[in-house]
Amino acid sequence: MKKTIFTFLGSVCLVMTSQAQETKYVTNNLDDNSAGSLRTTIVNATEGDSIVVNSDIKNIIINSEIAIEKKLIINANGATISVAVPSESPYRIFRVGDRDLQERYDFKLYNATLIGGDITNNNSEAISDIDNCGGCIVTNKTLPDLEASTIHLENVNFLNAKASYSGALQIETNSIATIYNCLFENNKATNRNAGAFYAKGKLTIDNSKFINNSANYDGGALAVNNTDALITNCLFENNKSTLDAAANNGGAFFNTGAAKTVVRNSLFLNNEASNKGGGGFATSGSSTTAFVYCTFTGNKMNSTTKGGGALANITGYLTLINSTVTGNSAGSKGGGIYSENVKSEVKLYNTIVTYNYVNGQNDDLYISTGKLNGMNNIYGTLALGQTIVDGDINVIGNVAFSYNPESVLFAELGTVNGNRAPVLADNGGNLNSIALVQTGSIAKNAGKKMGQYSYTTQDAEGLDVTSTRFVFRTSSGSWLDITDDSEVYDEIEVYNTDIRGFEMNEENAPSIGAFEIEAVSSLTPDVIDENINVISFDSKTSTLYFNPEVSVSKVEIYSLSGKQVVAKAQTETSLDLSNIAGGVYVVKLVASNFIYTQKI
């Protein structure tokens, strides 16, 4: 896997002092009332100040919670801020906002490693009391008639914290949280849900990692409740919901209440749930969740009565677009996806659900009750409950798939949790991915162009409510809403990057699944004479030559599985490839007026 610990550079974040009244500096690592300590600097700061920890300070140990009840920016400059005894001291690091007055707050924290304590049952009257939540940071509620509070966390590691709820971080209602390039690792919710992070306010998470977190149930890493969330470019790995109880959902992520969440370009790997459903993810309540260009692999659900090795749709609405669900397993039903409630609905578009297992047997989709809709998918097995009626299942345009003989689909098959499944690998880009075979894959160019747009309605009080709606492009070029097939004339955000962040060829139909096969195209006749050799390869010297008549600015080389092995600016007419293993590759040349690709 990719490296999982973030490091901090002074140039990573520029804290704009023009937004603050004054910049104050932390000059010692003492947790007392002495001048220059973190606590004293925060106490003495005024509304809107910026605080910077001196670069020579590497570790700050605090002996009690620090309250932040003013607009404040802190740049920790890479310092570690820790409780006295990690995972044991009965207090957190920061409480943000005034609990009694519930006034608005604005807080930004940059470039810090937070090592939390254990605040389990600090208030014995109610497990869910805020005193028992967030072993590193907790925010207080903001009065509903006030403007929403804001919290921005960037380049922050949350490590080794414990709490009854939300092991490391809890964001309360009437707030807007932005989480960027953060790591949540080895945190634990000891009594209930959200091993790392519980969000009740509007949420954006980007380029972050959730690793080895655990909860008793409902979200081993993350839980989102009654709010809107956008999660992009994230890794959820080895998270668990551990308690063998009836309400135990979502080894990594749990979406509930009326939450509306979109997850894009993210990987769910080796997460586990112990009882009810969803080794990687579970949804309940009236929540809606959409996964776009996501991969679920190696996830497990251990119950012998419920299902969903990767995803469980308990009572909500679940949509997967250009996602890959493979190599997951369950103890009972639906090694890949499980849906059980009459009000539930699963929608699949351009999605692969294959090589998932129950007790060693292929078992990909199980719809107990509710509906299944979608188009242009590839799945191996579909099992239906006895209460399914006519009209509940409406999937069209699927690509036929067979286990015996095996259909040509993935680049490489191996073993995942003892079962035959495709291999997750470093194929370039932001996250590891499961590559499609370059030539002959049944998924290649077999999908439909997909996208999204914003849809605004009014609630009972006449307030605007904006939602994300999903669309597909027809052969005639029009866009139809997947909810009701109505034509959409709003501005469309077209999905054009796969899980790795690689851009797709706009002219071709997308491949099915989260991995886009690198398209092989040629120069257009008006760019260059078709008789000119653009590139040539000398196998004796392992040298690639470029025609000097072609002005190339960049060269990229990919294996047939899609892994990028070369990416460099190119100004000379040759390139030494002696350090690349022998084999067949695709060379992509980029110039100002064309892109040219060729196999060598």
Side-chain angles (χ1 to χ4, degrees), residues 228 230 232 260-265 283 286-294 311 313 316-325 337 339 343-353 365 367 370-379 382 388-401 442-458 464-499 503-517 519:
D228 296 342
L230 173 63
T232 55
K260 299 176 181 178
T261 299
V262 177
V263 185
R264 294 178 59 172
N265 300 76
T283 181
S286 60
S287 61
T288 61
T289 316
F291 293 93
V292 181
Y293 280 99
C294 292
L311 303 102
N313 192 33
Y317 304 88
L318 174 63
T319 301
L320 279 80
I321 296 172
N322 276 100
S323 292
T324 299
V325 181
I337 300 174
S339 187
K343 296 181 179 180
S344 298
E345 183 173 5
V346 176
K347 295 181 178 181
L348 305 178
Y349 293 82
N350 298 350
T351 288
I352 297 172
V353 190
L365 273 163
I367 308 297
K371 297 180 179 180
L372 173 66
N373 293 295
M375 62 177 63
N376 294 75
N377 301 295
I378 299 172
Y379 53 76
L382 170 62
I388 295 293
V389 299
D390 290 344
D392 284 348
I393 307 300
N394 183 23
V395 285
I396 61 174
N398 289 341
V399 176
F401 174 84
I442 60 174
K444 186 174 182 178
N445 303 137
K448 286 186 176 294
K449 282 287 187 184
M450 303 291 297
Q452 67 181 51
Y453 72 103
S454 295
Y455 179 82
T456 302
T457 58
Q458 289 188 326
D464 287 344
V465 177
T466 301
S467 302
T468 297
R469 300 285 287 265
F470 303 99
V471 293
F472 65 91
R473 192 168 68 188
T474 67
S475 57
S476 65
S478 60
W479 291 94
L480 301 184
D481 192 308
I482 69 171
T483 303
D484 54 14
D485 287 342
S486 61
E487 191 162 1
V488 176
Y489 301 97
D490 301 64
E491 183 176 350
I492 303 296
E493 178 191 352
V494 181
Y495 299 140
N496 59 5
T497 58
D498 71 0
I499 188 171
E503 292 189 4
M504 295 176 283
N505 189 329
E506 284 295 320
E507 296 179 359
N508 296 337
S511 298
I512 295 175
F515 181 96
E516 182 58 45
I517 297 174

* Does the side chain to side chain contact (heavy atoms under 4.5 Å, CB included) test come out yes or no for T468 and K260, once each step is laid out? -> CA-CA 9 Å; T468 297; K260 299 176 181 178; over 6 Å; no
* To do: Take Y495 and N322 through the side chain to side chain contact (heavy atoms under 4.5 Å, CB included) test and state the conclusion after the steps.
  => CA-CA 9 Å; Y495 299 140; N322 276 100; 5.7 Å; no
* Asked: Where do L382 and I367 land on the side chain to side chain contact (heavy atoms under 4.5 Å, CB included) test, with the steps shown first?
  -> CA-CA 8 Å; L382 170 62; I367 308 297; 4.1 Å; yes
* To do: Could you walk me through whether V346 and L311 pass the side chain to side chain contact (heavy atoms under 4.5 Å, CB included) test, one step at a time?
  => CA-CA 11 Å; V346 176; L311 303 102; over 6 Å; no
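Applying the side chain to side chain donor-acceptor pair (under 3.5 Å) test to S454 and every residue at least two apart in sequence or in another chain returns nothing. Judged as a salt bridge (charged side-chain N to carboxylate O under 4.0 Å, His left out), and not counting sequence neighbours, the contacts of D481 are R469.
The shortest non-hydrogen separation linking Y293 to S323 is N-OG, 3.6 Å. When all heavy atoms are compared, the tightest approach of Y379 to F401 is O-CB, 4.0 Å. Contact record, T497 with N265: O-ND2, 3.6 Å, taken as the closest heavy-atom pair. Of all the heavy atoms in F472 and M450, the pair that sits closest is CB-SD, 3.4 Å.
Here CD of E516 is found 13.0 Å from CD1 of I499. Values are rounded to the nearest 0.5 Å. The line from CD1 of I482 to NZ of K448 is 13.5 Å long, rounded to the nearest 0.5 Å. The NZ atom of K371 lies 13.5 Å from the CG atom of N313; values are rounded to the nearest 0.5 Å. In this structure, CZ on F470 lies 10.5 Å from OH on Y349, to the nearest 0.5 angstrom.
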Donor-acceptor contacts, no H, no angles, side chain residues 486-494, under 3.5 Å, sequence neighbours left out:
| unit_1 | atom_1 | unit_2 | atom_2 | d |
| --- | --- | --- | --- | --- |
| S486 | OG | D484 | OD1 | 2.6 |
| E487 | OE1 | Y489 | OH | 3.3 |
| E493 | OE1 | Q452 | NE2 | 3.3 |
| E493 | OE2 | R264 | NH1 | 2.9 |
| E493 | OE2 | R264 | NH2 | 3.2 |

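Between the N377 side chain and the T351 main chain, a donor and an acceptor come within less than 3.5 Å of each other. Side chain of N376 to main chain of N398: no donor-acceptor pair is present (N/O by atom type, distance under 3.5 Å, no hydrogens or angles). Checked by atom type and distance alone, the side chain of S344 never pairs as donor or acceptor with a backbone atom of G370 at under 3.5 Å. Although no hydrogens or angles enter the test, the distance criterion places no donor-acceptor pair under 3.5 Å between the side chain of N350 and the main chain of G513.
When side chains are defined from C-beta on, K347 does not count as touching Y317, because their heavy atoms never get closer than 4.5 Å. Within the 4.5 Å cutoff, side-chain heavy atoms of V395 are placed close to those of L372. Residues I352 and F515 are not in side-chain contact: their nearest non-hydrogen atoms beyond the backbone lie 4.5 Å or more apart.
When the options V399, V353, L348 are evaluated for a side chain to side chain contact (heavy atoms under 4.5 Å, CB included) with I378, the one that passes is V399.
The 12-atom threshold is exceeded at NZ of K449, counting heavy atoms of other residues, nucleotides or ligands nearer than 6.0 Å.
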